[in-house]
Enquirer: 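Below: one structure in structure tokens.
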Amino acid sequence: NAGVMQNPRHLVRRRGQEARLRCSPMKGHSHVYWYRQLPEEGLKFMVYLQKENIIDESGMPKERFSAEFPKEGPSILRIQQVVRGDSAAYFCASSEGTGSNQPQHFGDGTRLSIL
Amino acid sequence: DAKTTQPPSMDCAEGRAANLPCNHSTISGNEYVYWYRQIHSQGPQYIIHGLKNNETNEMASLIITEDRKSSTLILPHATLRDTAVYYCISPSYNTDKLIFGTGTRLQVFP
């Protein structure tokens with residue numbers, strides 16, 4: 001029973017390039033969440049998506065960041081024109097349903113390093 | 001989200017029970033208490049959650065006080081691999097985002 005799969009595990013980009021992070025939820029899960037963890041800090045919520053819909057993007061930076069969860073395929077977190085401050089661990093979580101009685105299960109993250 | 005308060009760090013001897021407390025005095029009647037842990041460089045791992053009754057699974061037990069203002073996560077026989085940061089979280093009923101505080105850094109020693 002595969003868990004949440006994220007790839008790549010490590011991603012290195014130069015300033016100004018684009019970063020694409022992928023997340024495949026657990027089997028049977030249709031709700032995906034992205035969190036960011038800056039060095040020596042706690043996880044911060046970024047965005048919550050269901051298939052083809054963004055439900056809550058209150059934690060997303062206003063510029064350069066976007067997320068999608070298409071009908072087919074993984075969820076993608078896209079960062080355009082990366083800057084040094086984007087260096088962080090990005091975690092994806094998924095849940096079977098919505099509501100406060102639905103635990104989120106996390107992947108092992110993508111560590112993004114900006115040169 | 002209900003504000004949760006946890007001690008910043010705890011130690012536990014290997015093989016002994018680790019009891020991690022959490023205060024959530026402003027919790028509402030329909031808000032659950034969740035526990036996650038994060039072992040260094042890994043993603044957060046779901047441990048257990050509960051509403052009113054005590055809960056137990058293969059990883060841990062969750063004891064919630066009758067007034068629901070506090071809870072305790074119990075790892076019955078701690079091992080070195082249980083060394084991690086443990087987060088107590090109580091999401092608001094009408095939200096799906098988890099708000100991670102600073103947690104409790106549990107160090108299990110031989």
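Keep in mind that the numbers below use all heavy atoms, side chains included, and drop hydrogens, waters and symmetry copies. Protein chains get the first letters and strands the later ones, always in sequence-line order, with residue 1 at the start of each. Keep in mind it's a predicted model, so treat the numbers as computed, not measured.
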Enquirer: Evaluate the side-chain contact (heavy atoms from CB on, under 4.5 Å) criterion for residues Tyr32(B) and Asn101(A): first the C-alpha distance (whole Å), next the side-chain angles of each, then the deciding distance (0.1 Å), finally the verdict.
Expert: CA-CA 7 Å; Tyr32(B) 284 76; Asn101(A) 192 22; 3.3 Å; yes
Enquirer: Name the region of Asp56(A), side chain, backbone, both or neither, that has any atom closer than 4.5 Å to a heavy atom of chain B.
Expert: side chain
Enquirer: Is it the case that more than 12 heavy atoms not belonging to Met5(A) sit under 6.0 Å from its CE atom?
Expert: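 Atom CE in Met5(A) is not packed in, count stays at 12 or less.
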Enquirer: Tell me which of these, Met46(A), Gln37(A), Gln6(A), Lys44(A), has more heavy-atom pairs under 4.5 Å with chain B than the rest.
Expert: Gln37(A)
Enquirer: Using a cut-off of 6.0 Å, state whether more than 12 heavy atoms not belonging to Lys51(A) lie near its atom NZ.
Expert: yes
Enquirer: Which bit of Ser58(A) is near chain B, if near means a heavy-atom gap under 4.5 Å: side chain, backbone, both or neither?
Expert: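 Looking at Ser58(A), just its side chain touches chain B.
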Enquirer: Check the surroundings of atom CD in Glu14(B): do more than 12 heavy atoms from other residues, nucleotides or ligands lie under 6.0 Å from it?
Expert: yes
Enquirer: Heavy-atom distance under 4.5 Å to chain A: side chain of Gln45(B), backbone, both or neither?
Expert: neither
Enquirer: Heavy-atom pairs under 4.5 Å with chain B are the metric here; pick the option from His105(A), Gln104(A), Arg111(A) that has the most.
Expert: Gln104(A)
Enquirer: Can you confirm whether more than 12 heavy atoms, excluding those of Arg9(A), are under 6.0 Å from its CZ atom?
Expert: yes
